[in-house]
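Treat the numbers as computed from the prediction; the structure is a model and nothing was measured.
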Amino acid sequence: MDASAVQPKPDPRADTIAPAWVLIPARGGSVSVPRKNVRLVAGQPLISYVITTALQVVDSRHVIVITDDRQIEDVSRATGASVIFETQSTPSEETLDEKILRNLPILISMGATDADVIVTVQPTSPLLTQETLLKAISIVGTGQAHTAMTVTDDRHLSWTQDEDGHAKALYKARVNRQYLPLEFRETGGAIASRLGDALSSGTRVVPPVALVPVSAQEAIDIDHFGDLYVAAHFLTRRRIVIRVDAGPSLGMGHVYRALALATELARHEILVVTRADHELGAEFFSRFPYNVHEVADDEEFFDVLSDFAPDLTVLDILDTTSAFIERIRASAPATKVVSFEDTGEGAQHVDLLVAEFIDNHEVPESRQLRGIEYSLLSPHFETVSADHAPADKVGHILVLFGGTDPSDLAKRSLEALAQLRFAGAVTVVRGLGASPLEAPQDLPYSLEILNDVRYMPSVMQRADIALTSAGRTIIELASLGIPSVCIAQNEREMTHTHACEENGVYMLGLGSALRDDEIREGIRLMLNGDVRLQLANLARLSGSRRSNRRTVETILDRVGLNVFPNL
């Protein structure tokens with residue numbers, strides 16, 4: 001688990017090292033991005049980011065914007081900075097050195113002395129951190145160097161041209177980037193030196209110079225519109241915990257939903273938390289590029305929340321208690337909490353309940369998303385269209401009863417098909433947690449058994465009908481226009497509202513309560529062309545109403561974390 005993004009405010013302040021001033025030059029003219037310094041990026045004017053950072057590091061009276069633009073002046077003052085307003089527009093050929101040097105006498109009139117540290121911070125570096133700014137000030141303020149500047153590693157196989165225009169390599173050997181000699185590029189984020197040194201030497205860069213390396217992310221400098229979008233991505237990146245389990249009794253549906261959620265939210269920092277005693281959760285997620293943390297119990301989970309400090313906590317562990325939700329909020333006070341398929345009393349205290357299959361009338365509609373239009377499917381289904389045309393006669397049947405099949409419904413279904421003398425093809429899919437299948441002997445149909453299928457749409461698309469339980473597989477089938485016969489694995493599945501005719505499903509009931517002849521007759525009915533065609537059309541219509549992207553964006557909207565607003 002990586003908690004590096006938690007950034008406490010520097011303590012003590014930079015001014016305890018040496019009196020420091022932050023100068024932010026911000027002219028009104030910009031050609032590549034018009035009105036760049038006051039353009040909204042992730043909901044705030046661009047310049048406000050560096051002002052806010054500087055205010056956390058030095059005395060608020062020492063954060064000064066130098067501008068020739070009244071709107072920049074207003075935004076800067078509203079954010080908390082002081083302003084030196086230049087009545088003459090900055091000449092395009094003027095360098096930053098020249099601008100800062102000609103404004104230093106104004107700083108002296110405001111109380112600055114030769115020993116004070118002057119830091120130039122460009123408003124086009126919105127990801128500059130407090131720690132970096134404090135480090136640059138500390139280096140100069142404690143006499144380690146006369147100048148400190150932010151740089152980023154910029155090693156590449158670089159080329160130039162000689163005086164005749166011929167290509168000339170700037171490297172000695174073609175090696176991987178990490179083996180090239182160190183080469184740094186100035187980021188423009190911060191350059192610090194003492195006021196007296198800058199005045200006497202006529203430049204902000206006074207040897208000896210100390211380099212302050214920063215990440216490529218922090219080094220972002222807004223120069224064109226593409227940079228705005230990259231910066232907005234990082235400025236709106238959230239920390240998200242997804243708490244989910246999988247096992248023989250729980251099934252695998254929860255982790256598939258969690259995978260769909262993680263895929264849609266992959267640009268954020270995601271931590272998947274699963275219980276160690278439900279080992280299928282960690283085993284499943286080991287195939288994917290997400291940070292997974294196993295916990296022994298709830299107490300350890302609360303510790304993880306406290307350390308990680310998420311903006312959003314997602315629960316896919318079924319029913320929660322009020323005390324459980326209270327502990328989450330105590331561990332991570334700023335987090336929003338979203339719970340899936342939760343009928344426990346804790347659902348009344350989350351920020352949003354997503355109820356794909358169940359009804360929880362104790363939770364107000366204003367804090368619920370209800371119905372399969374808000375379901376999340378394996379990401380594989382997001383790129384497959386429902387172009388499955390019903391055949392005149394059923395030739396291929398798909399049998400799949402979840403990732404674990406605890407009630408052994410696949411075997412009972414195969415026996416029913418044998419008794420019906422079905423003569424086509426049957427494919428059985430067994431999940432990660434299902435036990436080996438003992439198939440009946442002397443079958444009238446051809447049988448294929450697939451284990452732990454990695455790409456389910458290609459298997460489903462071959463089927464004319466499916467026999468399944470009352471989990472999210474029904475919605476996967478509907479997304480492809482395939483009708484299904486449903487047999488519930490347990491009493492909870494009997495409460496699922498999506499296993500109905502409206503979604504292309506012929507619901508038989510609870511498997512443990514059904515006689516073999518009832519299962520057989522239910523399958524026989526689905527083999528009827530008229531019934532099957534009607535249910536196939538309903539499945540196609542139902543499946544067309546949802547998408548993972550729309551569901552996730554709706555969730556984020558409802559909890560106030562739709563995190564990539566328009567630029």
**Asked** Which distance, rounded to the nearest 0.5 Å, do you find between the CZ of Arg237 and the CD of Gln217?
**Response** 7.0 Å
**Request:** Report, as yes or no, whether the 6.0 Å neighbourhood of atom OH on Tyr179 holds more than 12 heavy atoms from other residues, nucleotides or ligands.
**Result:** no
**Message:** Ring-plane angle category for Tyr290 and Phe288, please: parallel below 30°, perpendicular beyond 60°, tilted otherwise.
**Reply:** tilted
**Request:** Work out which heavy atom in Leu133 is nearest to a heavy atom in Ala190; give both atom names and the distance.
**Result:** CD1-CB, 4.5 Å
**Message:** If only side-chain N and O atoms count, and only distance matters, is there a donor-acceptor pair under 3.5 Å linking Thr113 with Asp116?
**Reply:** yes
**Request:** Report the distance from atom CG of Asn548 to atom OG of Ser375, rounding to the nearest 0.5 Å.
**Result:** 7.5 Å
**Six-ring centre of Phe85, Arg70 cation under 6.0 angstrom, axis tolerance 45°** = yes
**Asked** Any sub-3.5 Å donor-acceptor pair from Gln368's side-chain atoms to Val363's backbone N or O?
**Response** yes
**Message:** Please report the interatomic distance CZ(Arg194) to OG1(Thr147), rounded to the nearest 0.5 Å.
**Reply:** 11.0 Å
**Item:** Minimum heavy-atom distance Ala42-Leu235, with the two atoms named
**Value:** CB-CB, 4.2 Å
**Request:** Considering non-hydrogen atoms only, spot the tightest contact between Ser32 and Phe225 and give its length.
**Result:** O-CE1, 3.5 Å
**Asked** Between atom CZ of Arg327 and atom CD of Glu299, what is the distance when rounded to the nearest 0.5 Å?
**Response** 4.0 Å
**Item:** Exercise: identify the closest heavy-atom pair between Glu264 and Val552
**Value:** CB-CG2, 3.7 Å
**Asked** For the side-chain contact (heavy atoms from CB on, under 4.5 Å) test, which of Ile555, Leu353, Val338 pairs with Leu369?
**Response** Ile555
**Asked** Is there a side-chain contact between Leu312 and Leu556, using heavy atoms and a 4.5 Å cut-off?
**Response** yes
**Student check: side-chain heavy atoms of Thr152 and Pro213 closer than 4.5 Å** = no
**Asked** Taking the side chain from Arg243 and the backbone from Leu315, do they hold a donor-acceptor pair closer than 3.5 Å?
**Response** no
**Glu269 versus Asn291, side-chain donor and acceptor atoms under 3.5 Å** = no
**Message:** Run the salt bridge (Lys or Arg N to Asp or Glu O under 4.0 Å) test against Asp316 and tell me which residues pass, sequence neighbours left out.
**Reply:** Arg257
**Asked** Side-chain contact, heavy-atom cut-off 4.5 Å: Asn37 with Ser30?
**Response** no
**Asked** Between Ser193 and Arg204, is there a donor-acceptor pair closer than 3.5 Å when you use the side chain of the first and the backbone of the second?
**Response** yes
**NZ/NE/NH1/NH2 to OD/OE distance under 4.0 Å, Arg550 and Glu553** = no
**Asked** Does Val244 offer a backbone N or O that forms a donor-acceptor pair with the side chain of Thr274 under 3.5 Å?
**Response** yes
**Message:** Are Arg546 and Leu377 packed together at the side-chain level, in the sense that at least one heavy-atom pair is separated by less than 4.5 angstrom?
**Reply:** yes
**Request:** Give, for atom OG of Ser82 and atom CD of Glu73, the distance between the pair rounded to the nearest 0.5 Å.
**Result:** 11.0 Å
**Prompt:** Have Thr129 and Glu218 got a donor and an acceptor in their side chains that come within less than 3.5 Å?
**Reply:** yes
**Message:** How long is the straight-line distance from CG of Leu23 back to CD1 of Ile66, given to the nearest 0.5 Å?
**Reply:** 5.0 Å
**Request:** For Thr187 and Thr150, run side-chain hydrogen bond (donor to acceptor under 3.5 Å, both in side chains): C-alpha distance rounded to whole Å, both residues' side-chain angles, the deciding distance at 0.1 Å, then the answer.
**Result:** CA-CA 6 Å; Thr187 71; Thr150 54; 2.6 Å; yes
**Item:** Side chains of Arg174 and Asn176, donor plus acceptor under 3.5 Å
**Value:** no
**Request:** Using salt bridge (Lys or Arg N to Asp or Glu O under 4.0 Å) as the criterion, point out the one residue from Lys36, Arg27, Arg35 that pairs with Asp69.
**Result:** Arg35
**Request:** Decide, yes or no, whether a salt bridge links Lys99 with Asp68 under the criterion of side-chain N to carboxylate O below 4.0 Å.
**Result:** no
**Message:** Does Arg102, at its CZ atom, have more than 12 non-hydrogen atoms belonging to other residues, nucleotides or ligands within less than 6.0 Å?
**Reply:** yes
**Message:** Would Leu46 and Arg39 count as a side-chain contact (heavy atoms from CB on, under 4.5 Å) here? Give the steps.
**Reply:** CA-CA 6 Å; Leu46 177 62; Arg39 183 174 289 273; 5.5 Å; no
**Asked** Given the rule in the side-chain contact (heavy atoms from CB on, under 4.5 Å) test, do Leu259 and Phe284 qualify, once you have shown the distances and angles that lead to the verdict?
**Response** CA-CA 9 Å; Leu259 174 63; Phe284 174 83; 3.9 Å; yes
**Request:** Decide yes or no for Met110 and Ile64: does some side-chain heavy atom of the first lie under 4.5 Å from some side-chain heavy atom of the second?
**Result:** yes
**Message:** Which heavy atom of Ile72 sits nearest to which heavy atom of Val38, and what is that distance?
**Reply:** CG1-CG1, 3.6 Å
**Prompt:** Heavy-atom distance under 4.5 Å between the side chains of Ile328 and Phe302, does that happen here?
**Reply:** yes
**Item:** Expected output: side-chain Asp298 to main-chain Phe301 donor-acceptor under 3.5 Å
**Value:** no
**Message:** Tell me if a side-chain donor or acceptor on His146 pairs with a main-chain N or O of Pro207 at a distance below 3.5 Å.
**Reply:** yes
**Asked** Between Arg267 and Thr236, does any side-chain donor sit less than 3.5 Å from a side-chain acceptor?
**Response** yes
**His224 side chain to Gly226 backbone, donor-acceptor under 3.5 Å** = yes
**Item:** Reference residue Ile270; test side-chain contact (heavy atoms from CB on, under 4.5 Å); the match among Val314, Val241, Leu261, Leu265
**Value:** Leu265
**Prompt:** Got His293 and Glu300 here, is their nearest side-chain heavy-atom distance under 4.5 Å?
**Reply:** yes
**Message:** Whether Arg472 engages the ring of Tyr256 as a cation-pi pair (distance to the six-membered ring centre under 6.0 angstrom, angle to the ring normal within 45°) should be assessed.
**Reply:** no
**Message:** Testing the 3.5 Å rule here: is there a donor-acceptor pair between the side chains of Gln144 and Thr142?
**Reply:** yes
**Request:** For Ser286 and Glu283, indicate whether the former's side chain and the latter's backbone hold a donor-acceptor pair under 3.5 Å.
**Result:** yes
**Item:** Nearest heavy atoms of Leu170 and Thr160, plus distance in Å
**Value:** CD2-CG2, 3.7 Å
**Request:** Output yes when a side-chain donor or acceptor of Arg155 lies under 3.5 Å from a complementary backbone atom of Leu180, and no otherwise.
**Result:** yes
**Prompt:** Mind checking whether Ser76 and Ile47 have side chains closer than 4.5 Å, heavy atoms only?
**Reply:** yes
**Request:** Could you please spell out the steps behind the side-chain contact (heavy atoms from CB on, under 4.5 Å) verdict for Ser322 and Gln348?
**Result:** CA-CA 8 Å; Ser322 298; Gln348 301 175 41; over 6 Å; no
**Item:** Side chain Asp164, main chain His166, donor-acceptor under 3.5 Å
**Value:** no
**Item:** Candidate pair Leu101 and Leu104, rule side-chain contact (heavy atoms from CB on, under 4.5 Å), full reasoning
**Value:** CA-CA 5 Å; Leu101 286 167; Leu104 289 183; 3.9 Å; yes
**Lys135/Glu131 salt bridge by N-O under 4.0 Å criterion** = no
**Prompt:** Using 30° and 60° as the class limits, which term best fits the ring planes of Trp159 and Tyr171: parallel, tilted or perpendicular?
**Reply:** perpendicular
